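Here, residue 1 is the first one in the sequence, and each next residue gets the next number. This one's a predicted model, so the numbers in the text were calculated from it and none came from an experiment.
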Amino acid sequence: MQLPAQLQHDAQSAFERIQQSYSDLSHWTPERQQQLKYVMAMSCFVEESLLKDEGLFAELPEMLSHQSRAENYRVRLAAQLEACSSEMEGHRVLRRFRNREMTYIAWRDFIHDWSLEQSLHHLSMLAEAMIFETYQWQYQACCAEWGTPCNAEGEAQPMLIIGMGKLGGGELNFSSDIDLIFTYPENGETQGTRRSIANAQFFTRLGQRIIKALDQQTFDGFCYRVDMRLRPFGESGPLVMSYAALEDYYQEQGRDWERYAMVKARVMGSEMYPQYQELRKMLRPFVFRRYIDFSAIQSLRRMKSMISSEVRRRGLGNNIKLGPGGIREVEFIAQVFQLIRGGREPSLRGRGLLETLNAIETLSLLEPEKVQQLRSAYCFLRGLENLLQAMADKQTQTLPDKPSDQLKLACAMRFNSWAEMIQATEQHMLNVHQAFASLIGEDDEEDEADPIAKHFHELWDMADRSEVIEHVLEHDLHVENPADKQRTIQQFKADLAKKTLGPRGREVLNRLMPKVFSAIYAHKDAEFGLSRVLHVLHRIVTRTTYLELLDEHPAALVQLVRLCTASPMISEQLGRYPILLDELLDPAHLYNPVPLESYKTELRDYLARIPEEDMEQQMEALRQFKQTCILRIAAADIAGVLPVMKVSDHLTYLAEAIVEAGINQAWQQMVAKYGEPTHLKDRASKGFAVIGYGKVGGWELGYNSDLDIVFMHDCPVSAYTDGKKEIDGRQFYLRLAQRIIHIFSTRTASGILYEVDTRLRPSGASGLLVSPTDAFDEYQHNDAWTWEHQALVRARMIYGDTPLQQAFENTRNDVLRQARDAETLKQQVVEMREKMRDHLGGKKAGRFMLKQDAGGITDIEFLAQYLVLQYSHDKPKLTRWSDNVRIFESMMSQGVMEEEQAMALTHAYTTLRDEIHHRNLLNLEADVDESKFPQEKSIVVKAWDQWLG
């Protein structure tokens with residue numbers, strides 16, 4: 001353990017820091033002190049752990065005297081958790097336990113005091129103990145709170161936690177994520193408390209607590225990054241599923257990569273094995289086919305190709321896991337035999353990689369020397385990976401660039417120099433890659449020869465020669481307006497000269513641009529696509545990873561061209577927020593918006609990955625989620641999958657999900673500062689509501705719509721908050737509303753969420769920002785203008801609990817159902833309509849303004865509002881709906897309007913909305929030539945004259 005001269009100074013400095021903190025080193029033998037200097041020179045993680053934890057420093061020599069500690073992990077951790085009186089204390093225990101044991105493991109790794117298998121075994125058993133004892137601790141706490149989950153026979157149901165990947169294989173690396181899947185045997189309800197909840201709800205809450213306990217960053221650090229994306233349906237799926245739901249998913253929808261992942265699946269906690277056998281038996285036909293399955297080779301090749309693309313895209317040079325010949329290729333080699341032959345050969349169903357290599361050798365599936373090379377390379381690279389990560393407890397597989405770190409790593413690996421270590425590493429990786437290439441092969445992504453491909457190369461290579469480009473466009477590609485297109489291409493290339501592109505960027509661009517031109521000119525509307533696609537490329541050209549994404553994924557490039565050609569709005573979004581380009585990778589996903597009922601759960605899952613206290617990232621995530629969803633809605637819209645009404649439904653449900661998430665973020669911050677208002681003591685809600693008016697109230701949001709909203713609460717005057725900093729309850733709700741508006745309107749790197757307009761509240765901009773329900777009711781009855789009652793027709797609660805919902809509905813129904821003087825009402829509605837038309841500007845000559853001109857959308861809306869206000873006192877069912885289409889259906893069913901007229905108005909309304917909507921996608925104003933839509937205009941004008949003339 002002789003340190004090179006360059007590292008001896010580091011070792012001495014670290015040792016002196018220890019001596020300053022701990023004057024008594026008498027329990028450390030001279031030999032241990034020498035090891036201490038050596039290990040601290042190698043690992044700042046070990047030094048920080050010792051300086052931070054006095055108990056660890058006192059106990060470590062005794063800990064190191066034991067050859068194995070894994071057998072007692074669970075017993076010791078369980079006892080410590082049992083003594084905890086709070087969740088916070090439990091989190092502290094978990095983090096301290098993890099750091100102490102990881103220090104022990106790192107120490108023995110650095111001094112090479114045990115085998116790689118022993119190291120991996122300890123890392124895996126430690127993670128399993130942490131996961132399972134956290135589960136046991138939290139299961140008891142959840143049962144005390146919500147009852148014990150039981151099946152129909154009243155038998156208590158456990159939750160099984162399945163470890164995937166290296167955790168499942170018992171070969172976890174030093175700073176690994178843990179990939180988990182949560183499941184439980186049977187549905188049912190909890191028993192033993194006053195209010196029972198469904199098992200699914202119980203286990204979801206339990207799962208969330210376990211993730212928080214392990215994953216949340218606290219003052220003491222964190223235990224593991226918990227990754228739940230391997231579960232069925234990924235991030236959009238439920239957090240926990242029953243056996244039956246799991247079986248259905250894998251039988252009907254399981255994909256190749258999920259077979260690959262499931263090979264290593266192992267349930268945490270040995271006492272759970274009996275319950276797991278039933279599940280494993282169900283899943284075995286999915287993972288291991290009865291026949292010899294050579295389709296696995298192509299599947300693994302495709303996966304490896306995607307990983308290689310990711311390596312290139314993220315610039316992961318020197319990566320010993322993902323690079324050619326890295327750890328992942330050894331895993332793929334073992335996996336291919338498991339997936340091809342595991343159905344027939346039980347010895348190939350083991351989870352660990354080394355045991356699988358042994359089975360491959362025993363079955364003579366590879367030559368013994370090849371297997372030995374793979375075994376040797378795997379052990380070398382895994383040992384290297386562990387030491388690399390143990391230096392600073394960082395999840396990395398990329399070899400260091402800093403000479404001092406290189407020296408430490410070479411020394412830790414027992415090499416005399418970095419060059420010597422690199423030579424050995426490269427040799428191992430070469431052996432692996434040769435075996436991989438001969439077994440699985442390289443994925444040849446070369447396109448088939450294209451007879452006109454050379455023209456697209458010429459468009460790029462010869463862009464500075466106008467006559468060549470124009471000739472190619474006109475004579476070879478038969479493009480209309482070739483001179484315009486030639487100028488567009490030349491200008492794009494000239495603009496690039498002003499950008500700082502590295503050699504890698506230029507190389508990718510030169511490969512990509514002929515493909516871009518090919519994709520553009522394969523589209524029937526190429527004349528629109530060229531400038532829009534080049535606009536996106538101009539915005540992302542300095543981000544080489546995005547260029548590589550398009551270069552390596554032809555399908556993504558095709559989707560980019562298709563969407564940009566159809567909509568300049570989308571090309572602007574993609575140019576402004578290139579992260580959205582990732583959405584183009586999977587067309588099946590891209591053209592399937594989130595199901596309407598799933599927006600809230602999808603968003604909750606999306607936000608769950610970000611620490612709750614990281615306000616900035618939470619706000620950014622809200623914006624990114626919205627942009628991603630809108631891209632998918634627009635893609636489905638363009639593809640004709642969604643009619644205009646459904647598009648508005650999606651945009652409205654998305655907005656409601658974001659409103660709820662924004663309120664939750666604001667609430668969390670407010671409660672942390674002031675506590676909760678005391679009137680909520682026995683109420684499982686926030687006592688706060690959001691009323692949506694206009695387009696959001698009528699389920700009619702467009703792509704660029706604002707949110708017209710009003711805030712309400714039912715907090716009594718006597719209520720105060722219960723936090724350290726006590727404030728008046730109504731003041732709390734005012735600040736809450738201000739915070740919500742801040743979350744929505746602050747401009748971050750991803751823009752704003754929504755423009756929020758609160759001017760429809762009682763007394764408008766001069767009124768209270770948040771209305772108490774009684775004040776809202778009084779204002780609507782005594783002070784509101786007729787136009788405010790018109791607005792109330794299009795209002796509904798988009799967030800709030802039952803008492804608030806009831807209060808709002810009572811006010812709305814009561815106000816809308818008042819008897820009114822017919823002539824006065826008619827006069828006021830007509831005057832307001834004329835005032836609005838004057839206020840919103842004059843008419844464009846020769847154009848029909850789809851919203852404001854006579855016969856347009858606003859006339860239809862005013863007509864619907866007038867009829868509701870005029871007839872609801874007699875026909876109360878007219879107040880049920882807040883959207884125009886269903887209002888006209890109600891008019892028809894209640895006998896106010898003839899079916900023919902109601903249907904004609906509905907058709908005119910949806911047709912004009914459809915036109916506005918598609919003009920939004922094209923970034924065009926909401927006006928058309930005045931000769932358009934004569935029939936629709938005529939129907940609306942005639943109805944207006946009949947009812948309001």
Give the intermediate values and the outcome of ring pair (Phe, Tyr, Trp, His ring centres under 6.0 Å) for residues Y22 and H27. CA-CA 11 Å; Y22 307 113; H27 62 298; 8.7 Å; no

How about [X] and [Y]: does a side-chain donor come under 3.5 Å of a side-chain acceptor?
X: R17; Y: Q20; value: no
X: N173; Y: S176; value: yes
X: Y378; Y: E171; value: yes
X: R108; Y: Q67; value: yes
X: Q208; Y: R205; value: no
X: N664; Y: R604; value: no

Side chain to side chain contact (heavy atoms under 4.5 Å, CB included) involving S750 - partner list, sequence neighbours excluded: Y577, E620, R623, Q624, Q627, T748

Listed by chain and number, what are the side chain to side chain contact (heavy atoms under 4.5 Å, CB included) partners of E355, not counting sequence neighbours?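 Partners of E355 under the side chain to side chain contact (heavy atoms under 4.5 Å, CB included) test: none.
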
May I ask you to say whether [X] pairs ionically with [Y], meaning some side-chain N is under 4.0 Å from a carboxylate O?
X: D220; Y: R96; value: no
X: K321; Y: E385; value: no
X: R229; Y: D605; value: no
X: D393; Y: R98; value: yes
X: R266; Y: E128; value: yes
X: E71; Y: R76; value: no
X: E331; Y: K166; value: yes

Note: I333 and L374 closest approach over all heavy atoms is CD1-CD2, 3.8 Å

Show the nearest heavy-atom pair for residues G170 and S124, with the distance to one decimal. C-OG, 2.9 Å

Take W114 and D109 through the side chain to side chain donor-acceptor pair (under 3.5 Å) test and state the conclusion after the steps. CA-CA 7 Å; W114 58 5; D109 277 352; 2.9 Å; yes

When rounded to the nearest 0.5 angstrom, what distance separates [atom1] in [X] from [atom2] in [Y]?
X: D177; Y: L230; atom1: CG; atom2: CG; result: 10.0 Å
X: I422; Y: Q427; atom1: CD1; atom2: CD; result: 13.0 Å
X: L407; Y: Q6; atom1: CG; atom2: CD; result: 5.0 Å
X: E548; Y: R543; atom1: CD; atom2: CZ; result: 13.0 Å
X: I320; Y: F380; atom1: CD1; atom2: CZ; result: 8.5 Å
X: S175; Y: M102; atom1: OG; atom2: CE; result: 5.5 Å

Expected output: side-chain [X] to main-chain [Y] donor-acceptor under 3.5 Å:
X: T356; Y: A334; result: no
X: Q12; Y: Q8; result: no
X: Y224; Y: M130; result: no
X: D405; Y: P400; result: no
X: H428; Y: L381; result: no
X: Q138; Y: L206; result: no
X: K264; Y: R351; result: yes
X: Q389; Y: T396; result: yes
X: S43; Y: V39; result: no
X: H121; Y: E117; result: no

Given the rule in the side chain to side chain contact (heavy atoms under 4.5 Å, CB included) test, do K408 and D10 qualify, once you have shown the distances and angles that lead to the verdict? CA-CA 11 Å; K408 285 179 188 178; D10 291 353; 4.0 Å; yes

Does [X], at its [atom1] atom, have more than 12 non-hydrogen atoms belonging to other residues, nucleotides or ligands within less than 6.0 Å?
X: E613; atom1: CD; answer: yes
X: E82; atom1: CD; answer: no
X: E616; atom1: CD; answer: no

Intermediate values then yes/no, side chain to side chain donor-acceptor pair (under 3.5 Å), R100 and Y104: CA-CA 6 Å; R100 288 185 174 187; Y104 166 86; over 6 Å; no

Counting C-beta onward and ignoring hydrogens, is there a side-chain heavy-atom pair between [X] and [Y] closer than 4.5 Å?
X: R74; Y: M125; value: no
X: I131; Y: I178; value: yes
X: L126; Y: H122; value: no
X: Q118; Y: S115; value: yes
X: R225; Y: Q395; value: yes
X: S119; Y: I105; value: yes
X: M421; Y: L384; value: yes
X: T29; Y: Q33; value: no

Angle class for the F436/F332 ring planes (parallel below 30°, perpendicular above 60°, tilted otherwise)? tilted

For the pair F132 and Y135, name the ring-plane relationship: parallel under 30°, tilted 30 to 60°, perpendicular over 60°.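 Rings of F132 and Y135: tilted, as their planes differ by 30° to 60°.
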
Of I18, L60, V46, the residue whose pairing with L36 passes side chain to side chain contact (heavy atoms under 4.5 Å, CB included):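 The single option meeting the side chain to side chain contact (heavy atoms under 4.5 Å, CB included) with L36 is I18.
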
After noting the C-alpha distance and the side-chain angles of F202 and Y139, does the key distance pass the side chain to side chain contact (heavy atoms under 4.5 Å, CB included) rule? CA-CA 10 Å; F202 175 92; Y139 183 82; 4.0 Å; yes

Could you walk me through whether Q35 and R32 pass the side chain to side chain donor-acceptor pair (under 3.5 Å) test, one step at a time? CA-CA 5 Å; Q35 289 178 358; R32 286 285 186 228; 2.8 Å; yes

Check the pair I743, M615 against side chain to side chain contact (heavy atoms under 4.5 Å, CB included), reporting the backbone distance first and the verdict last. CA-CA 9 Å; I743 287 170; M615 187 61 201; 3.5 Å; yes

Quick one: does NZ or CZ of K725 land under 6.0 Å from the six-membered ring centre of Y674, within 45 degrees of the ring axis? no

Stepwise, does the side chain to side chain contact (heavy atoms under 4.5 Å, CB included) test hold for I161 with I210? CA-CA 10 Å; I161 302 175; I210 292 168; 4.1 Å; yes

